[in-house]
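Read the structure below first, then the notes.
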Amino acid sequence: MERRSDRGVQSALLAAVLFGASTPLAKGLLASVPPQVLAGLLYLGSGLGLGMVWLWQRRSVKVGGAALTRGDLPWLLGAIGFGGFLGPLLLLIGLSHTPASATSLFLNLEGAFTALLAWMVFRENVDRRIALGMVAIVAGGALLAWQGRLEWGGLSGPLAIAAACLCWAIDNNLTQKVSASDPLQIAALKGAAAGTVNLAIGLSFAGSLPTLPRIGAALMLGFFGYGLSLVLFVLALRGLGTARTGAYFSTAPFVGAILSILLWHEPVSVTLFAAGGLMAVGVWLHLTERHIHHHTHEALSHAHTHTHDAHHQHSHAPDDPPGDPHTHAHVHEELTHSHPHFPDIHHRHGHD
């Protein structure tokens, strides 16, 4: 069980590294590609690339993720609607009315909104240690974005950016609901949808696509920085829950700042060390969490990739796939026991 949670933490942090690294790498493309067009190409690169990997996996690999079901569609369509359509649209409105100094700070609200929704709406378990860690990580991100001054440019722009962050937070929480399914399929669909919307918005304002070499570079960067990052993010949602995954992922700006120093020789500041220190404290508080108590698993039927651990002691039908790990529909009988755990897909129980 602890090994499974360790994999969730590793997936979340690696997702943050890939996404954080994409920002300074994309800076080299911004000189000739409008930001919204670039965002569309990055997302489209993730959707197209992961779609091809998913098709290859379904034909060639024996152990694949569980396909999305009809019951997953409302959650997934909601995630795509909020994260792939409303979020980019509201961000574009906000950017047109908000100075860069305020924009960078307000974008840190996504992590905070993700955790608050997980705790207050979706009833994910939280204690004082996890909440304090989340505050430290978000504060580090805000400090990293601080430019020494704050210009609001009116109220409508910041409110639109805050609303965009809320949309992405809703997206994160809804995606957790389908995280037991194939992360490649989920990420490919989300990337294709977000890429189409962002590219359409960008082209309607910028008017034209960049040169073919730059399109290729953006699609490739999107596959790794957005696509693979999102696959790992979904895996972390499956193993850790939404709030903890969002907290680890919020360290991405620090990765981007470090890489910017190496690639673009940006200055090293005291603010960078202070932000890194706050994020390190937050991550440490999360890594050293130990949540253990007696809890009851209600009977549950679902499908996902699994091994025969304490939660998967079930029988197999003749047509179920062999090997370990494997993927098939299976039933969890009611079970009461005690062990360290996170609010993963098997531990969404209530707390007194």
Side-chain angles (χ1 to χ4, degrees), residues 8 11-12 15 19 39-40 42-55 57-58 64-91 110 113-115 117-118 121-124 163-201 222-223 226-246 249 300-306 327-330 343-346 348:
S11 295
F19 185 76
L42 292 171
Y43 278 115
L44 207 56
S46 74
L48 293 175
L50 292 175
M52 289 187 288
V53 173
W54 180 76
L55 289 173
Q57 182 194 67
R58 305 306 290 185
L68 288 162
T69 65
R70 184 176 298 179
D72 293 328
L73 290 182
W75 302 112
L76 183 62
L77 291 175
I80 290 174
F82 280 102
F85 178 72
L86 288 177
L89 189 60
L90 287 165
L91 178 63
E110 180 186 347
F113 285 160
T114 296
L117 285 175
V121 177
F122 293 90
R123 314 307 299 170
E124 191 169 292
C165 291
L166 179 60
C167 286
W168 290 320
I170 294 172
D171 171 11
N172 293 335
N173 279 277
L174 294 181
T175 301
Q176 195 280 331
K177 292 291 188 179
V178 300
S179 60
S181 299
D182 190 344
L184 276 174
Q185 187 181 18
I186 295 168
L189 291 171
K190 293 184 68 176
T196 301
V197 170
N198 279 275
L199 192 58
I201 293 174
F223 173 71
Y226 283 41
L228 293 184
S229 174
L230 183 53
V231 169
L232 291 164
F233 186 84
V234 173
L235 288 172
L237 288 174
R238 181 190 298 177
L240 298 176
T242 313
R244 289 157 180 80
T245 298
F249 192 75
L300 171 68
S301 177
H302 61 177
H304 62 92
T305 302
H306 60 277
T327 303
H328 64 90
H330 54 278
D344 58 23
I345 58 173
H346 295 106
R348 309 297 291 182

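Just so it is clear, the structure is predicted and the values come from calculations on it, not from any experiment.
- With a 4.5 Å cut-off on side-chain heavy atoms, W168 and P88 count as touching.
- Looking at F85 and I80, their side chains never come closer than 4.5 Å, going by heavy atoms from C-beta outward.
- Residues V178 and V234 are not in side-chain contact: their nearest non-hydrogen atoms beyond the backbone lie 4.5 Å or more apart.
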Going through the distances and angles, do L50 and Y226 end up as a side-chain contact (heavy atoms from CB on, under 4.5 Å)? CA-CA 10 Å; L50 292 175; Y226 283 41; over 6 Å; no
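- The shortest distance between side-chain heavy atoms of D182 and W54 falls below 4.5 Å.
- Here the closest non-hydrogen pair linking D344 and R348 is O-CD, 3.0 Å.
- Shortest non-hydrogen contact noted between G8 and A236 is O-CB, 3.5 Å.
- Partners of A67 by side-chain contact (heavy atoms from CB on, under 4.5 Å), not counting sequence neighbours, listed by chain and number: R58, Q185.
- Under the 4.5 Å side-chain criterion, counting only non-hydrogen atoms from C-beta, S46 is not in contact with L230.
- Within the structure, no pair that satisfies the salt bridge (Lys or Arg N to Asp or Glu O under 4.0 Å) test touches residues 76-88, not counting sequence neighbours.
- Nearest heavy-atom pair, I186 versus S179, reported as atom, atom and distance to 0.1 Å: CD1-CA, 4.4 Å.
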List the steps, then state whether side-chain contact (heavy atoms from CB on, under 4.5 Å) holds for V121 with N173. CA-CA 10 Å; V121 177; N173 279 277; over 6 Å; no
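- Annotation: the span from L86 atom CG to L166 atom CG amounts to 10.5 Å, rounded to 0.5 Å.
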Which side-chain N or O atoms in residues 191-199 pair as donor and acceptor under 3.5 Å with protein atoms at least two apart or in another chain?
| from | atom 1 | to | atom 2 | distance (Å) |
| --- | --- | --- | --- | --- |
| T196 | OG1 | A192 | O | 2.8 |
| N198 | OD1 | Q36 | NE2 | 2.8 |
| N198 | ND2 | A194 | O | 2.8 |

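- Put simply, the side chain of F82 does not reach to within 4.5 Å of the side chain of N172, judged on heavy atoms.
- Here the closest non-hydrogen pair linking L235 and P183 is CD2-CG, 3.8 Å.
- With contacts defined as side-chain heavy-atom distances shorter than 4.5 Å, the pair Q176/R238 does not qualify.
- Contact record, L240 with A12: CD1-CB, 4.4 Å, taken as the closest heavy-atom pair.
- In this structure, OG1 in T327 is found 7.5 Å from NE2 in H306, a value given to the nearest 0.5 Å.
- Ring pair F249/F19 is tilted by interplanar angle, where 30° to 60° counts as tilted.
- Looking at E124, its side chain does come within 3.5 Å of a backbone N or O of T242 through a donor-acceptor pair.
- Counting only residues at least two apart or on different chains, no salt bridge (Lys or Arg N to Asp or Glu O under 4.0 Å) pair has a member in residues 73-87.
- Identified under the side-chain hydrogen bond (donor to acceptor under 3.5 Å, both in side chains) test for residues 72-90, with sequence neighbours left out: T69-D72, D72-S181.
- Between P343 and R244, the shortest heavy-atom contact is CG-NH1, 3.4 Å.
- L189 is listed as a side-chain neighbour of L68, based on a closest heavy-atom distance under 4.5 Å.
- Under the side chain to side chain donor-acceptor pair (under 3.5 Å) criterion, T175 pairs with D171, K190, not counting sequence neighbours.
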